[in-house]
Amino acid sequence: MIKIYRTGELPLEEILCRGEDDVGEIEARVSDIIENVRKEGDKALYRYAEAFDKAKLDSLKATPAEIDAAYARVDKEFVAIMEKAAANIREFHSAQVRKDYRIERDGAVLGQRFIPVACAGLYVPGGTASYPSTVLMNAIPAKIAGVKRIIMCTPPDRNGKIADAILAAAKVAGVDEVYKSGGAQAIAAMAYGTESVPRADKIVGPGNVYVATAKKLVQGVVGIDMIAGPSEILVIADESARADYVAADMLSQAEHDKRATAILITPSERLAEEVAAEIEKALKKLAREEIARVSIENNGKIIVAGDLSEAVRISNELAPEHLELSVEDPEKLLPEVTSAGSVFLGHYTPEAVGDYLAGSNHTLPTSGTARFSSPLSVDDFIKKSQYISYSREALDVIASEVMRFAKEEGLTAHAASVAVRYGK
């Protein structure tokens, strides 16, 4: 049964405490995998595919024929839905495109250019579920950013195959190359490159704790989007909310992972009790009941707050991945929200809409990192470069000030690089 708390009964820090994984042993194992991929390249990837995926592969790369055949096998109605989702994702992310700018003043020119990375590596999870939506969410912003080469790694099944829907989504999204590799070894392959898998400049996409740990360990060798933790949802609801809607939305995240978190904050005692009962009732009908039940019992929380403003303050401290404002006037409450990955407004905007079809991105900051980071966007696939140009006359105006600044910092060679242009 989900736990119900009331603010003031316990210190808020205790109520809000997120469980932390002991990743020491995992880091050691992942570090070994990364080092083996660095040294052995494809040989290590084939070995890990056999050990972890039980797949004996003939080739790491999915051929164009495999991709086309998978696309043809996928139900045409579902392909049409993916195409619609892709169009919405393109529309939303196209508004994020940056423009170069240039400033000119009295013989001085300053500018900034926005340059796409040359190669983006996408990681798409396999295992307990297949996520074609993740392919669309990761690849389309990269395409819009102007990335020339988009590669994707995803684990194969025991027969060495990738799920048809994943390959179909790759075709819809414009992924250039697909490789049959999962887990930490796939992240290592994209970070360092192997005989088959090219080295990426940026790796994006969610995964399990091994994938997240691998991204953490290769960061700096390659760019990453974020180190994603378990999925989480926080619902703020008032008396206008329906308990069955709220319970269903909380379970939509609980079914992801036993480590996922689902939280309700409400000023209504009645709603708190009703949602707890609805969750218990709905759990029994879920296909992934075992996963969702562990998530709810270990990490689920219902918090009864004094009012909606207190609910938002608590939410801002948690900085959830997904935040639903299931209240009578969500637009009024929205300006108070300062830390959340993605916010869903009103009783008819379940989080699942954002996962699949709205067009906003579903690769979001987790574990409280929404305090300082953002959803995946076009910006994740670009780098910025500045340029500066001074004429002799423009340099004349500031030369003495530049030299004074340099000398103040004790960097006399900096000062000399200006002075030499004046015969000093």
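Predicted model, so just to flag it, every value in this text is computed and none were measured.
A237 meets the side-chain contact (heavy atoms from CB on, under 4.5 Å) test with V235, A241, V246, L264, L271, S326; sequence neighbours excluded. With sequence neighbours excluded, the residues that form a side-chain contact (heavy atoms from CB on, under 4.5 Å) with A170 are V135, M152, V175, V178. Shown here are the side-chain hydrogen bond (donor to acceptor under 3.5 Å, both in side chains) partners of S59, two or more places apart in sequence or in another chain: there are none. Taking F381 as the reference, nothing meets the ring pair (Phe, Tyr, Trp, His ring centres under 6.0 Å) condition, with sequence neighbours excluded. Under the side-chain contact (heavy atoms from CB on, under 4.5 Å) criterion, E273 pairs with I4, R6, not counting sequence neighbours. Taking R105 as the reference, I103, A108, L110, Y390 meet the side-chain contact (heavy atoms from CB on, under 4.5 Å) condition, with sequence neighbours excluded. In this structure, Y210 has no ring pair (Phe, Tyr, Trp, His ring centres under 6.0 Å) partners at least two apart in sequence or on a different chain. Qualifying side-chain hydrogen bond (donor to acceptor under 3.5 Å, both in side chains) partners for R371, counting only residues two or more places apart in sequence or in other chains: none. For the side-chain hydrogen bond (donor to acceptor under 3.5 Å, both in side chains) test, no residue two or more places apart in sequence or in another chain qualifies with S342.
Salt-bridge check for D379 with R98: passed, with a basic side-chain N closer than 4.0 Å to an acidic carboxylate O. Taking 4.0 Å as the cut-off between side-chain N and carboxylate O, E40 and R47 count as a salt-bridged pair. With respect to D176 and R149, no salt bridge is recorded, no charged nitrogen being found less than 4.0 Å from a carboxylate O.
Within the structure, salt bridge (charged side-chain N to carboxylate O under 4.0 Å, His left out) contacts touching residues 178-193 (residues at least two apart or in different chains) are E66-K180. The salt bridge (charged side-chain N to carboxylate O under 4.0 Å, His left out) pairs that include a residue from residues 210-231 are E27-K216, K215-D225, where partners are two or more places apart or lie in different chains.
A 6.0 Å sphere centred on CZ of R90 holds more than 12 heavy atoms belonging to other residues, nucleotides or ligands. Within 6.0 Å of NE2 in H347 there are more than 12 heavy atoms belonging to other residues, nucleotides or ligands. Atom CZ of F372 has more than 12 neighbouring heavy atoms from other residues, nucleotides or ligands inside a 6.0 Å radius. Remark: Y387 OH is packed, more than 12 non-hydrogen atoms of other residues, nucleotides or ligands lying under 6.0 Å away. At most 12 heavy atoms of other shown residues, nucleotides or ligands fall within 6.0 angstrom of atom CG in D58. R270 CZ: more than 12 foreign heavy atoms inside a 6.0 Å radius. By the 6.0 Å contact criterion, CD on E290 is open, its count of non-hydrogen atoms from other residues, nucleotides or ligands being 12 or less. Surrounding CD of E274 are more than 12 heavy atoms belonging to other residues, nucleotides or ligands, all under 6.0 Å away.
Proximity of a side-chain donor or acceptor of R288 to a complementary backbone N or O of E255 within less than 3.5 Å is detected. K3 places no side-chain N or O within 3.5 Å of a backbone atom of G300 that could act as its donor or acceptor partner. A donor-acceptor pair is defined here as one N or O able to donate and one able to accept, closer than 3.5 Å; such a pair exists between the side chain of T369 and the backbone of T366. For the pair T349 (side chain) and L345 (backbone), a donor-acceptor distance under 3.5 Å is present.
In this structure the side chain of I144 reaches within 4.5 angstrom of the side chain of V97, judged on heavy atoms. Looking only at side-chain heavy atoms (C-beta outward), T363 and M226 come within less than 4.5 Å of each other. Counting heavy atoms from C-beta on, the side chains of I314 and E310 come closer than 4.5 Å. F344 places a side-chain heavy atom less than 4.5 Å from the side chain of H322. Side chains of I151 and C119 form a contact here, defined as non-hydrogen atoms less than 4.5 Å apart. V124 has its side chain out of reach of N138: every pair of non-hydrogen atoms, C-beta onward, lies at least 4.5 Å apart. Residues Y48 and V37 are in side-chain contact: their nearest non-hydrogen atoms beyond the backbone lie under 4.5 Å apart. T266 places none of its side-chain heavy atoms less than 4.5 Å from the side chain of D238.
Under the 6.0 Å distance and 45° angle rule, K384 does not count as a cation-pi partner of F114.
Partner of Q253 under the side-chain hydrogen bond (donor to acceptor under 3.5 Å, both in side chains) criterion, chosen from E321, E232, E351: E351. Of the listed residues (I2, L234, I263), just one forms a side chain to side chain contact (heavy atoms under 4.5 Å, CB included) with M250, and that residue is I2.
Here the closest heavy-atom approach between residue G174 and residue I150 is recorded as O-CD1, 4.4 Å. Looking at every heavy atom in both residues, V378 comes nearest to P141 through CG2-O, 3.9 Å. Shown here for N299 and A260, the closest heavy-atom pair between the two residues is ND2-O, 3.0 Å. Residues S367 and G229 share a closest heavy-atom pair of OG-CA, 3.8 Å. Nearest heavy-atom pair, N361 versus L364, reported as atom, atom and distance to 0.1 Å: O-CD2, 3.4 Å. Of all heavy-atom pairs spanning P116 and A145, the tightest one is CB-O, 3.3 Å.
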Q: Under the side chain to side chain contact (heavy atoms under 4.5 Å, CB included) rule, what do Y71 and V79 come out as? Steps first, then yes or no, please.
A: CA-CA 8 Å; Y71 182 87; V79 170; 3.4 Å; yes
Q: Check step by step if side chain to side chain contact (heavy atoms under 4.5 Å, CB included) holds for Y123 and M190.
A: CA-CA 9 Å; Y123 185 80; M190 291 190 284; 4.3 Å; yes
Q: Before giving the answer on salt bridge (charged side-chain N to carboxylate O under 4.0 Å, His left out), spell out for D68 and K171 the whole-Å C-alpha distance, their side-chain angles and the decisive distance to 0.1 Å.
A: CA-CA 8 Å; D68 289 343; K171 188 175 177 71; 2.9 Å; yes
Q: I would like to know whether I265 and Y5 meet side chain to side chain contact (heavy atoms under 4.5 Å, CB included); could you show each step before the answer?
A: CA-CA 9 Å; I265 309 177; Y5 301 89; over 6 Å; no
Q. Is there a side chain to side chain contact (heavy atoms under 4.5 Å, CB included) between I233 and T261 once you walk through the steps?
A. CA-CA 6 Å; I233 187 169; T261 300; over 6 Å; no
Got a list of side-chain donor-acceptor pairs under 3.5 Å for residues 276-285, not counting sequence neighbours?
residue, atom, partner, partner atom, Å
E280, OE2, R293, NH1, 2.9

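Judged by distance alone, the side chains of S196 and D42 do bring a donor and an acceptor atom under 3.5 Å apart.
For the atom pair CD1 (I89) and CE (M82), the distance works out to 11.0 Å, reported to the nearest 0.5 Å. Note that the CG atom of N88 and the NZ atom of K84 stand 7.0 Å from one another [nearest 0.5 Å]. For the atom pair CD1 (I382) and CG (D380), the distance works out to 9.0 Å, reported to the nearest 0.5 Å.
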